Amino acid sequence: MNRYVFYNFIMVSFINLLLFVPHILIEARFNGAVSSMIVGTVIGTILVYMYTSAMARYPGKGLPEILKQHFPQWLVSICMFCSAVMWWFATSIVVVAYAILINRFFNPDANSIIILSMLIIACGYAATRSTLSVMFVLEIGLIVNAPVIIFILFKAVRSTQLNFDSIRVVANYVTAMPTLSAVAAASFIFTGYINLSLFNRLLPPNFRFKFRWVYPVFGITIMLITFFVPIGFHGTEAVNQYTYIWSVTADSLIMQYGFIERVLFLFLIVFLNLTLVYTMCGWHQAMEFIKCCFRNYKPEIDSPKTPVANYVIVGIFAMLTMLYLVLTNEKINMFITSYWLVARMFVEFIIVLTVFVLSRRRPKTT
Amino acid sequence: MNVIIRICLAIIMVCMLGACGFKDIDKRFFVVALGIDQSENEKKPYRITLQLAIPSPKIEPGASKTQIETIDAPSIAEGVRMLKAYVDKEIDFGHCKIFIIGEKVANSDYQGALEWMTRRRDIQSVANIAIGKPDAESLLKVKPLSERYPGNTLFLSFGADGTESSYTYVESLSDFSRRASEEGLDPLMPIIKKDNQESFIINKTALLDKKRVKLVLNPSEAQLYNQLANDFTKSSMHGMFEGLDLVVAITEIHSKFRIGKQNGEDTITMDVKMKVVFEEAPKDLYSAQWRSVEEDLNKEYAKSCVKLLRKIQKAGVDPIGFGLRYRATHPGSDAFKKWESLYPTIKFVVRANIIIEGTGLIK
């Protein structure tokens with residue numbers, strides 16, 4: 001069962017490429033990105049260890065159930081509502097950004113609202129399924145897509161176009177002080193563990209977290225690739241001029257004898273899948289959190305019949321996401337994302353610390 | 001409930017498919033090469049030339065058909081947009097692999113053209129870019145005899161699929177745009193020339209600064225540059241041994257450089273290691289001492305390298321990236337300023353290490 005925890009981690013660390021994380025880090029490349037990455041790694045690793053060891057004491061229970069044990073219902077409702085907003089927003093930013101990306105690269109003639117509505121119909125339907133099905137969809141999605149993503153990343157790292165001098169120039173700026181937004185962006189790569197808040201329900205009673213050292217190692221690898229490969233490809237100056245830095249980097253690669261010569265299209269297709277899976281996961285969690293706001297809700301991980309509430313809640317999410325696209329544009333989305341990343345980091349601090357303290361206070365016998 | 005929702009979703013999906021704005025492949029004109037020239041007209045400084053592929057059922061040498069469209073326009077984007085009115089199908093840049101910049105544009109300012117290319121989403125970053133001499137328009141009008149597919153000749157000349165010439169420097173758009181703004185790494189482009197018949201010659205390389213051409217390398221220098229900067233094998237080298245001509249083919253080459261101080265002077269030390277096989281040699285070379293031949297070749301190769309590097313240095317450009325290496329090894333934001341004052345007077349030392357592998361099939 002350890003792999004189900006790991007899937008969440010992998011998914012979130014891959015999705016950072018679409019969530020403007022490289023963009024934010026690269027913007028700060030001369031003033032603190034590298035040191036922020038080190039700080040982000042430390043923060044991310046500590047949080048992973050704290051949260052997994054805390055959650056191990058509550059087998060089969062999600063965050064809402066844990067809070068309900070210790071706090072009154074009204075407080076739990078408020079907390080759950082706030083977390084639902086966080087989770088909904090995390091995924092909505094990505095899916096909106098991807099709708100705009102499709103509009104830019106695949107089909108500039110199409111209306112981005114129509115593209116987005118097709119994406120959210122797919123994600124919305126998947127998100128209304130039971131927790132167990134969502135987990136299986138996540139597993140399938142990752143098993144299909146992760147090899148291709150790793151292939152693209154590996155191809156980029158092995159490319160002769162990669163200029164190590166540029167990378168060294170930027171790495172030398174390690175002495176610059178870290179900035180808050182860059183730390184938040186860097187720690188996002190490690191944030192997949194937070195999905196345990198819901199998916200801990202699935203874990204069996206005698207579950208133990210194994211191979212926890214893999215999380216930081218994997219996260220650091222992905223983070224280094226995310227940040228340094230575009231710099232190696234586009235140089236220390238030109239790298240900052242692109243809005244979709246990783247799409248352009250994938251476009252600089254060539255698959256001479258692949259079915260499609262431009263790696264860009266392969267990249268966009270696998271990240272389309274990943275975006276759908278990520279959005280499904282996020283909406284499902286947000287939906288479950290909303291349901292936990294009500295007193296008489298009994299958590300179920302594999303209900304035979306889909307409750308109507310699922311459709312209603314996800315329908316509202318979909319509407320809000322559409323509204324978000326209408327009200328924002330590329331630039332505002334990017335701007336909001338950088339602030340959201342910071343807010344997310346602090347909310348995660350609070351969640352992890354609360355659960356950690358609660359897990360230590362509880363006597364072991366109960 | 002469930003069934004109704006599912007049916008509704010399906011209907012909504014189907015209804016949306018109509019709005020995709022998709023155009024069929026036979027309603028599209030694929031641009032295979034684009035030329036950007038400077039026109040005489042001052043109000044419309046850009047002359048855009050598009051080479052459009054005409055699909056043909058025959059695939060045989062010389063059967064490729066293209067249509068050339070030319071227009072003068074105040075800017076590149078407007079010119080391309082305006083050319084849409086000249087043709088009956090949608091113009092598509094998805095297969096455009098060659099961009100030719102006219103010599104005049106390259107000699108005045110290429111940044112405008114480059115910015116247009118990097119900004120457009122459907123232009124591939126892996127496309128090749130080159131300078132056309134005397135202008136891009138006349139080059140695109142060439143109809144090579146052996147061409148099978150429209151625009152294939154130039155594409156094959158640059159890629160690794162067709163010919164691999166040691167005289168041709170291959171530049172991709174993404175690399176060019178990196179070099180065009182990087183501090184300490186300057187751009188360079190191959191120069192395409194038309195010969196008297198219907199074919200191209202690509203054996204010169206232009207070195208540019210951040211704005212225009214600074215220096216043009218002649219064919220032998222272009223080859224030497226490819227060996228030094230790109231470790232290009234499949235090339236040859238000319239040398240002398242006791243007054244006799246030698247030509248060797250390079251089978252393996254590795255070069256690396258270091259910036260440091262030697263005898264109190266700032267020096268760039270370049271180490272070139274290569275393995276060679278003789279292609280032309282005096283008859284009894286097999287029995288001669290190879291060690292002394294190697295030493296002679298080393299000396300001569302080092303001399304010609306230093307000459308080339310000095311020439312590049314004098315032109316004030318840095319295509320190999322010495323400046324970038326200096327920035328990488330000297331932390332601090334003022335490293336590039338220091339380098340700029342250092343570069344014009346820096347000394348070059350080339351240490352060649354040539355290993356003879358054999359004399360070919362005959363002694």
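What you see is a predicted model, and the numbers here were worked out from it, not measured in a lab. In what follows, chains are A, B, ... by sequence order, proteins preceding strands, each numbered from 1.
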Return the option, out of A:Ile115, A:Val169, A:Asp251, A:Val170, with the maximum number of heavy-atom pairs under 4.5 Å with chain B.
-> A:Asp251
Locate the shortest heavy-atom distance separating A:Gly235 from B:Glu182; write the atom from each residue and the value.
-> CA-OE2, 3.4 Å
Is chain B contacted by the side chain of A:Phe233, its backbone, both, or neither, given a heavy-atom distance below 4.5 Å?
-> backbone
May I ask you to name which of B:Arg327, B:His330, B:Arg179, B:Gln124 has the most heavy-atom pairs under 4.5 Å with chain A?
-> B:Gln124
Determine whether more than 12 heavy atoms belonging to other residues, nucleotides or ligands lie under 6.0 Å from atom CZ of B:Arg120.
-> yes
Hey, is CZ on A:Phe105 packed in by over 12 heavy atoms from elsewhere, all under 6.0 Å?
-> yes
Whatever's closer than 4.5 Å to a heavy atom in chain B on A:Arg104 counts as backbone
Main-chain N/O of A:Gly232 paired to B:Arg178 side chain as donor or acceptor, under 3.5 Å = yes
Check whether any side-chain heavy atom of B:Ser333 lies under 4.5 Å from a side-chain heavy atom of A:Tyr173, and answer yes or no.
-> yes
Under 3.5 Å donor-acceptor, A:Asp165 side chain and B:Leu324 backbone = no
Looking at A:Glu261 and B:Lys97, does any basic side-chain N land under 4.0 Å from a carboxylate oxygen?
-> yes
Option that, when pairs with chain B are counted at under 4.5 Å, heavy atom only, ranks first among A:Val239, A:Asn163, A:Leu264, A:Val248 | A:Asn163
Tell me which donor-acceptor pairs under 3.5 Å the side chains of residues 78-85 of chain B have, and how far apart each pair is, sequence neighbours excluded?
from, atom 1, to, atom 2, distance (Å)
B:Glu78, OE1, B:Ser75, OG, 2.8
B:Lys84, NZ, B:Glu90, OE2, 3.4

If one checks every heavy atom of A:Phe164 against chain B at 4.5 Å, the contacting part turns out to be neither
Out of curiosity, B:Ser125 OG to A:His234 NE2, how far, rounded to the nearest 0.5 Å?
-> 7.0 Å
Which distance, rounded to the nearest 0.5 Å, do you find between the OG of A:Ser166 and the CG of B:Leu185?
-> 7.0 Å
Got a sec, which residues hit side-chain hydrogen bond (donor to acceptor under 3.5 Å, both in side chains) with B:Glu183, two or more places apart in sequence or on another chain?
-> none
Closest heavy-atom contact between A:Ala238 and B:Ser177?
-> CB-O, 3.9 Å
So with a 6.0 Å cut-off around NZ of B:Lys273, is the heavy-atom count from everything else above 12?
-> no
Turns out that what part of A:Leu253 lies under 4.5 Å from chain B's heavy atoms comes down to backbone
